[in-house]
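One structure is given below, encoded as structure tokens.
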2 protein chains.
Amino acid sequence: MALRHAVLAALLDGELSGYQLAKAFDVGVANFWYAQPQQLYAELTRLEKEGLVAGREVVQESRPNKRLFHVTDAGLAELETFTAAASKPAFVRDDLLVKVQAADRVDTAALVAQLTERAQVAQAKIDLFGSLLSRLRGDRTEEDFLRHGDRIGPYLTCLRGVAFEQENRDWCVRTIAVLEERRQSHVRP
Amino acid sequence: MALRHAVLAALLDGELSGYQLAKAFDVGVANFWYAQPQQLYAELTRLEKEGLVAGREVVQESRPNKRLFHVTDAGLAELETFTAAASKPAFVRDDLLVKVQAADRVDTAALVAQLTERAQVAQAKIDLFGSLLSRLRGDRTEEDFLRHGDRIGPYLTCLRGVAFEQENRDWCVRTIAVLEERRQSHVRP
DNA sequence: AATGAGTACTCATGTTGATGACTAGGGTTG
DNA sequence: CAACCCTAGTCATCAACATGAGTACTCATT
């Protein structure tokens with residue numbers, strides 16, 4: 001039941017519509033969780049019913065009306081409780097890792113192609129997170145921002161996103177090199 | 001539907017019983033996936049029904065009999081198909097990140113405690129993976145092993161496990177430092 | 001002599017997350 | 001001017017993952 005808390009945490013940045021929220025979660029810019037639009041709409045409905053968020057209708061012309069949500073005091077209390085409770089350990093669960101685990105017994109050409117693509121995706125995310133970080137910190141240095149900024153949560157999670165994707169990319173590159181070298185030196189039966 | 005493939009990939013290391021498999025997946029030594037024992041037993045049953053794995057009964061005295069499973073040719077073909085198909089991108093999904101995202105608005109003392117614990121767990125995993133790596137490579141150097149070893153899949157995934165946990169630990173340490181410093185300098189309202 | 005831990009599983013149920021299909025108006029572009 | 005994309009959602013359904021409880025026998029500990 002962490003999606004609800006992820007939504008609450010995301011809404012701390014200010015009022016958002018379900019659609020805006022979905023954009024953030026979908027692209028994975030929300031580097032601390034991931035969810036489909038439909039899940040978010042459903043969760044917002046539940047959260048509103050329980051009084052943890054409140055929405056207000058914003059009438060728009062030339063496009064559909066939307067509902068902007070913000071976290072209520074009860075929602076903040078819920079986040080507080082959640083934070084105090086033990087976190088369940090985070091596990092890696094990655095299709096690509098499964099494939100690499102089986103690398104000795106399957107065709108490596110397809111695998112190398114996928115590793116290459118993954119490395120590119122990772123690089124794109126590094127760039128994206130990098131620009132997000134510099135936007136968050138403005139003209140301050142990282143040190144200064146982290147000491148005196150007033151909303152460092154997103155910055156810290158983004159830092160982890162960058163580190164994760166760098167590790168991801170480097171590992172892909174390394175693995176590609178290993179697999180390619182083996183393909184050349186000894187042709188598999 | 002990647003659990004089935006994770007099981008297949010794990011069974012490439014040799015015959016395993018459901019229980020042994022469960023041990024590997026449960027502790028997270030299986031650094032490429034994670035699952036509960038019950039899921040694995042269920043999956044093994046399905047896989048056997050579909051002919052992707054085959055089991056043989058091993059009669060034991062002084063402890064319950066067990067069934068050892070191995071991957072069939074059909075199972076290997078299935079792994080091949082899986083490897084050729086596109087991988088879905090891997091997302092970070094971590095309770096702790098959600099909490100850090102909300103760090104500006106909740107009690108940081110509890111958060112710091114959890115980050116500390118997470119850092120310790122990460123360090124323990126680094127050590128575990130480290131010894132696993134050296135066991136896998138035996139007396140060879142990493143370079144040599146990756147070039148000429150005959151089962152490098154587990155080694156490569158383990159390398160990623162180490163990198164992931166190191167990043168994890170470092171980020172926790174950094175985040176703790178940031179939060180602690182802010183707690184001292186300006187008391188939150 | 002009872003308690004607990006380890007091996008080796010099974011069954012049932014519940015919670016989460018993922019997917020596809022659909023509505024509906026406005027703007028853009030070929 | 002038709003086709004397509006963007007905003008802003010809803011509804012229904014399915015697959016995947018997680019959890020609790022239970023069986024049964026053995027060995028070591030207290």
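Letters A, B, ... mirror the listed sequences (proteins, then strands); counts begin at 1. All values below were derived from every heavy atom in this structure, side-chain atoms included, with hydrogens, water molecules and symmetry-related copies excluded. Keep in mind that this is a model prediction, so the values were computed, not measured.
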Side chain [X], main chain [Y], donor-acceptor under 3.5 Å:
{"X": "A:Thr72", "Y": "A:Gly75", "result": "yes"}
{"X": "B:Arg67", "Y": "B:Gly18", "result": "no"}
{"X": "A:Trp171", "Y": "B:Leu156", "result": "yes"}

_Let me spell it out: for each of A:Pro37 and B:Gly18, pick the nucleotide of DNA chain C with the closest heavy atom. Which residue's pick is nearer the 5' end?_
B:Gly18

_Reading DNA chain C from 5' onward, which residue's closest nucleotide shows up sooner: B:Thr45 or A:Ala2?_
B:Thr45

*What does B:Arg4 touch in the nucleic acid at a heavy-atom separation under 4.0 angstrom: a base, only the sugar-phosphate, or nothing?*
nothing

*So where does chain A start and stop touching DNA chain C, 5' to 3', when the test is distance under 4.0 Å to a non-hydrogen atom?*
C:dT16 to C:dG27

Whole-Å distance separating the [atom1] atom of [X] from the [atom2] atom of [N]:
{"X": "A:Lys23", "N": "D:dA8", "atom1": "NZ", "atom2": "C1'", "answer": "11 Å"}
{"X": "A:Gln36", "N": "D:dA15", "atom1": "CD", "atom2": "P", "answer": "17 Å"}
{"X": "B:Leu40", "N": "D:dA18", "atom1": "CG", "atom2": "C1'", "answer": "12 Å"}
{"X": "B:Leu3", "N": "D:dA15", "atom1": "CG", "atom2": "C1'", "answer": "12 Å"}
{"X": "A:Gln20", "N": "D:dC6", "atom1": "CD", "atom2": "C1'", "answer": "14 Å"}

_Closer than 4.0 angstrom, basic N to acidic O: yes or no for A:Arg147 and A:Glu143?_
yes

_Pairing donors with acceptors under 3.5 angstrom, does anything connect the side chains of A:Asp170 and A:Gln166?_
no

_Residues in side-chain hydrogen bond (donor to acceptor under 3.5 Å, both in side chains) contact with B:Glu15, at least two apart in sequence or another chain_ = B:Arg56

*Has A:Glu117 got more than 12 heavy atoms of other residues, nucleotides or ligands less than 6.0 Å from its CD?*
no

_Considering only residues two or more places apart or on different chains, which pairs with a residue in residues 83-99 of chain B satisfy side chain to side chain donor-acceptor pair (under 3.5 Å)?_
A:Ser87-B:Lys99, A:Lys99-B:Ser87, A:Gln114-B:Ser87, A:Arg160-B:Asp94, B:Asp94-B:Arg118, B:Lys99-B:Gln114

*Residues in ring-ring contact (aromatic ring centres under 6.0 Å, His included) contact with B:Phe82, at least two apart in sequence or another chain*: B:His5

*Rounded to the nearest 0.5 Å, what's the gap from CG on B:Leu111 to CD on A:Glu80? Could you check?*
10.0 Å

*Hey, mind stepping through A:Arg174 and B:Glu142 against salt bridge (charged side-chain N to carboxylate O under 4.0 Å, His left out) and telling me if it holds?*
CA-CA 12 Å; A:Arg174 176 83 202 282; B:Glu142 184 164 296; 3.3 Å; yes

*Residue-level proximity of residues 52-68 of chain B to DNA chain D when a heavy atom falls under 4.0 Å*: B:Ser62

_Does D:dT7 have OP1 or OP2 under 4.0 Å away from a side-chain N or O of A:Tyr19?_
yes

*asked:* Can you list every stem that DNA chain C is part of, counting only runs of 3 or more consecutive Watson-Crick or G-U wobble pairs with both distances under 3.5 Å?
replied: C:1-30 with D:1-30

_Once hydrogens and angles are ignored, does a donor-acceptor distance under 3.5 Å link the base of D:dG20 to the side chain of B:Gln38?_
yes

